Amino acid sequence: MFDSVRDDLRATLDEIRAAGLHKPERVIGTPQSATVNVTAGGRPGEVLNFCANNYLGLADHPEVVAAAHEALDRWGYGMASVRFICGTQEVHKELEARLSAFLGQEDTILYSSCFDANGGVFETLLGPEDAVISDALNHASIIDGIRLSKARRLRYANRDMADLERQLKEAAEGGARRTLIVTDGVFSMDGYVAPLDEICDLADRHGAMVMVDDSHAVGFVGPGGRGTPELHGVMDRVDIVTGTLGKALGGASGGYVAARAEIVALLRQRSRPYLFSNTLAPVIAAASLKVLDLLESADDLRVRLAENTALFRRRMTEEGFDILPGDHAIAPVMIGDASKAGRMAELLLERGVYVIGFSYPVVPQGQARIRVQLSAAHSTEDVNRAVDAFVAARAELDA
């Protein structure tokens with residue numbers, strides 16, 4: 001049977017390669033850092049890393065690594081269980097309490113990933129008599145999570161408040177018992193920030209709840225690094241915040257839902273990814289506590305990241321690149337053609353800068369780009385070298 005399936009799959013893979021949409025996976029032979037050793041064409045080489053979500057440079061921070069070593073000795077390697085059976089340790093409860101305090105929410109529940117967190121919210125809270133209104137550019141995990149629920153699904157154009165209000169009125173006219181607005185805090189392919197203050201105003205006006213996936217913001221966006229709700233002054237008006245421990249908060253894995261106490265209590269009883277997935281490894285929980293210590297004790301990493309981001313965006317604009325506007329550490333360099341974006345990424349790697357070309361289906365057709373991600377671990381020299389490499393790669397590509 002599989003022989004015929006194999007032929008179909010190979011044909012599909014050939015089509016992906018022919019369209020310039022193939023996504024190779026580079027092998028890194030070093031810890032995640034500002035500089036990594038990447039295998040390219042069989043030849044290992046040290047390159048500047050501008051494509052990781054390591055925003056604060058904590059993935060190999062010595063204090064975080066030391067906390068992880070200590071946790072292995074104290075708490076062991078893994079739980080071999082789910083939370084409600086025998087998979088809850090003191091370190092998990094401590095992290096949940098610290099995240100709640102940091103994010104200004106009443107309670108927090110840990111998941112193995114933010115994908116699982118988003119997958120566990122909607123079907124638990126919403127039934128067929130409810131409505132969920134989602135931003136058109138929300139992350140795939142939100143889209144998949146919504147599909148698991150029986151709620152009525154409505155969508156509004158990216159950051160379009162007039163369209164959001166139309167959808168809120170439609171939900172009310174349809175007799176929705178509960179209405180939940182859900183948005184990314186920062187849209188990962190564009191670096192654009194959701195207007196949470198305006199969203200909360202509309203939610204108040206129409207009696208809706210608000211949920212934010214703040215994976216690309218918590219740790220470095222907002223005066224205290226508490227994310228887009230803090231940035232917009234609405235921490236007390238957002239009902240649900242989901243996020244990851246796998247980006248700015250250490251870069252390992254794990255996710256969470258921080259929310260009203262009753263919401264978290266119900267998730268503990270009925271959220272399937274929580275009930276049927278192994279507990280977050282204790283070493284990650286302990287290391288994440290150290291990350292929160294670092295974030296709450298100083299803002300030097302956030303300041304350095306902001307400086308690196310401003311420098312890269314300014315220099316790239318001066319060099320005539322089409323870079324999406326904003327001040328987020330996600331800095332998309334728009335290329336348009338998928339094959340050209342892939343080729344430019346290869347040329348940059350040859351020049352010692354590791355970036356990735358993003359194309360369909362990750363981004364819309366015709367909007368291929370190289371998503372550059374700045375880090376506090378980068379030096380000023382690193383940023384300038386990256387811009388110079390872009391200039392040189394463009395010259396070769398256009399020759």
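One is the number of the first residue; the rest follow in order along the sequence. All values derive from a computational prediction rather than experimental measurement.
- For Asp160, the CG atom counts as densely surrounded, since its 6.0 Å shell holds more than 12 non-hydrogen atoms of other residues, nucleotides or ligands.
- The neighbour count for Glu106 CD, taken as heavy atoms of other residues, nucleotides or ligands under 6.0 Å away, is above 12.
- Using a 4.5 Å heavy-atom cutoff, the side chains of Glu396 and Arg351 are in contact.
- Two different hydrophobic clusters hold Met209 and Leu154 under the rule that ILVMFWY side chains link at heavy-atom gaps under 4.5 Å.
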Can you give each donor-acceptor pair under 3.5 Å made by side-chain atoms of residues 247-263, sequence neighbours left out, with the distance rounded to 0.1 Å?
| residue | atom | partner | partner atom | Å |
| --- | --- | --- | --- | --- |
| Arg260 | NE | Asp239 | OD1 | 3.0 |
| Arg260 | NH2 | Asp236 | O | 3.3 |
| Arg260 | NH2 | Asp239 | OD1 | 3.1 |

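- Side chain of Asp214 to main chain of Ala217: no donor-acceptor pair is present (N/O by atom type, distance under 3.5 Å, no hydrogens or angles).
- Scanning both residues, Pro31 and Val36, for their nearest heavy atoms gives O-CG1, 3.6 Å.
- Looking only at side-chain heavy atoms (C-beta outward), Leu289 and Val91 come within less than 4.5 Å of each other.
- A side-chain N or O of Gln373 and one of Asn53 form a donor-acceptor pair less than 3.5 Å apart.
- Not a single donor-acceptor pair under 3.5 Å links the side chain of Thr88 to the backbone N or O of Phe84.
- A side-chain donor-acceptor contact under 3.5 Å links Asp60 and Ser33.
- Scanning all heavy atoms of the two residues, the minimum distance from Val234 to Asp197 falls at CG1-CA, 3.9 Å.
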Run the numbers on Phe220 and Tyr55 for ring pair (Phe, Tyr, Trp, His ring centres under 6.0 Å), then give the verdict. CA-CA 8 Å; Phe220 62 99; Tyr55 295 113; 4.5 Å; yes
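- Taken together through direct or relayed side-chain contacts under 4.5 Å among Ile, Leu, Val, Met, Phe, Trp and Tyr, Met189 and Val355 form parts of separate hydrophobic clusters.
- A salt bridge links Asp190 with Arg369: the distance from a Lys NZ or Arg NE/NH1/NH2 to an Asp or Glu carboxylate oxygen falls below 4.0 Å.
- More than 12 heavy atoms of other shown residues, nucleotides or ligands fall within 6.0 angstrom of atom CD in Glu318.
- The shortest heavy-atom contact between Pro282 and Gly78 is CD-CA, 4.1 Å.
- For the atom pair CG of Leu280 and CD of Gln89, the computed distance is 10.5 Å after rounding to the nearest 0.5 Å.
- Look at Glu123 and Arg147 and you find no salt bridge, because none of the NZ, NE, NH1 or NH2 atoms lies under 4.0 Å from a carboxylate O.
- Partner of Phe122 under the side-chain contact (heavy atoms from CB on, under 4.5 Å) criterion, chosen from Asp144, Val182, Leu148: Val182.
- Between Arg304 and Ala376, the shortest heavy-atom distance links the atoms CD-O, 3.0 Å.
- A donor-acceptor pair is defined here as one N or O able to donate and one able to accept, closer than 3.5 Å; such a pair exists between the side chain of Thr279 and the backbone of Gly87.
- Using modelled atom types, one finds a donor on one side chain and an acceptor on the other under 3.5 Å when comparing Asn118 with Asp213.
- Looking at Ile199 and Tyr156, their side chains come closer than 4.5 Å, going by heavy atoms from C-beta outward.
- With hydrogens and angles left out, the side-chain atoms of Ser379 and Asp382 include a donor and acceptor closer than 3.5 Å.
- Within the 4.5 Å cutoff, the side chain of Thr179 has heavy atoms near those of the Ile133 side chain.
- A salt bridge is defined here as a Lys NZ or Arg NE, NH1 or NH2 lying under 4.0 Å from an Asp or Glu carboxylate O, and Asp3 with Arg6 meets this definition.
- Put simply, the side chain of Thr309 never gets that close to the backbone of His328: no donor and acceptor are under 3.5 Å apart.
- Atom-to-atom distance recorded for Met161:CE and Leu168:CG is 9.5 Å, nearest 0.5 angstrom.
- Side chains of Arg155 and Ser134: no donor on one and acceptor on the other come within 3.5 Å.
- Between Arg371 and Ile330 the shortest side-chain heavy-atom distance falls below 4.5 Å.
- The closest donor-acceptor contact from the side chain of Asn54 to the backbone of Leu58 lies under 3.5 Å.
- Residues forming a ring-ring contact (aromatic ring centres under 6.0 Å, His included) with Phe390 (at least two apart in sequence, or on another chain): Phe321.
- For Glu346 and Arg26, the salt-bridge test passes: some basic side-chain N is under 4.0 Å from an acidic carboxylate O.
- Rounded to the nearest 0.5 Å, atoms CZ (Phe276) and CZ (Arg83) are 15.5 Å apart.
- Checked for salt-bridge contact, Arg268 and Glu96 meet the test: a charged N lies under 4.0 Å from a carboxylate O.
- Residue Glu296 places its CD atom among more than 12 non-hydrogen atoms of other residues, nucleotides or ligands, all under 6.0 Å distant.
- In this structure, the side chains of Tyr111 and Leu267 come closer than 4.5 Å at one or more pairs of heavy atoms.
- In the model, His232 has no side-chain atom that pairs as donor or acceptor with a side-chain atom of Glu198 under 3.5 Å.
- Expressed to the nearest 0.5 Å, how far CZ of Arg10 lies from CG of Leu13 amounts to 9.5 Å.
- Leu125 places a side-chain heavy atom less than 4.5 Å from the side chain of Leu266.
- Taking CG of Asp299 as the start and CG of Leu305 as the end, the distance is 12.0 Å to the nearest 0.5 Å.
- When hydrophobic clusters are built by joining Ile, Leu, Val, Met, Phe, Trp and Tyr residues whose side-chain heavy atoms come closer than 4.5 Å, directly or via intermediates, Leu48 is grouped together with Val333.
- A donor and an acceptor atom, one from each side chain of Ser112 and Ser277, are nowhere located under 3.5 Å apart.
- To the nearest 0.5 angstrom, Leu164 atom CG is 8.5 Å from Asp135 atom CG.
- Considering only heavy atoms from C-beta on, His139 stays 4.5 Å or farther from His216 through its side chain.
- Because its NZ or CZ atom is both nearer than 6.0 Å to the ring centre of Tyr192 and within 45° of the ring axis, Arg159 counts as a cation-pi partner of that residue.
- Legend: salt bridge (charged side-chain N to carboxylate O under 4.0 Å, His left out) pairs involving residues 170-184, not counting sequence neighbours, sorted by first then second residue: Glu129-Arg177, Asp130-Arg177, Arg152-Glu170.
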In sequence, state the C-alpha distance, the side-chain angles, and the governing distance for His378 and Phe50, and then conclude on ring pair (Phe, Tyr, Trp, His ring centres under 6.0 Å). CA-CA 9 Å; His378 292 133; Phe50 279 88; 3.9 Å; yes
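- Under a 3.5 Å cut-off, the side chain of Glu230 and the backbone N or O of Gly225 do form a donor-acceptor pair.
- The main-chain N or O of Val238 is found under 3.5 Å from a side-chain atom of Gln105 such that the two form a donor-acceptor pair.
- Cluster membership for Val372 and Val387, using ILVMFWY side-chain heavy atoms within less than 4.5 angstrom, is shared.
- Under a cut-off of 6.0 angstrom, the local environment of OH in Tyr77 is sparse, with at most 12 non-hydrogen atoms contributed by other residues, nucleotides or ligands.
- Looking at Thr30 and Asn37, their side chains never bring a donor and an acceptor atom within 3.5 Å of each other.
- Between the Asn49 side chain and the Cys51 main chain, a donor and an acceptor come within less than 3.5 Å of each other.
- With hydrogens and angles disregarded, no donor-acceptor distance shorter than 3.5 Å links the side chain of Ser149 to the backbone of Leu126.
- The nearest pair of heavy atoms linking Arg98 to Asp293 is NH2-OD1, 3.0 Å.
- Note on Ile142: it does not cluster hydrophobically with Phe187, by side-chain heavy-atom contacts below 4.5 Å among ILVMFWY residues.
- Remark: side-chain polar atoms of Ser271 are paired, donor with acceptor, to backbone N or O of Gly120 under 3.5 angstrom.
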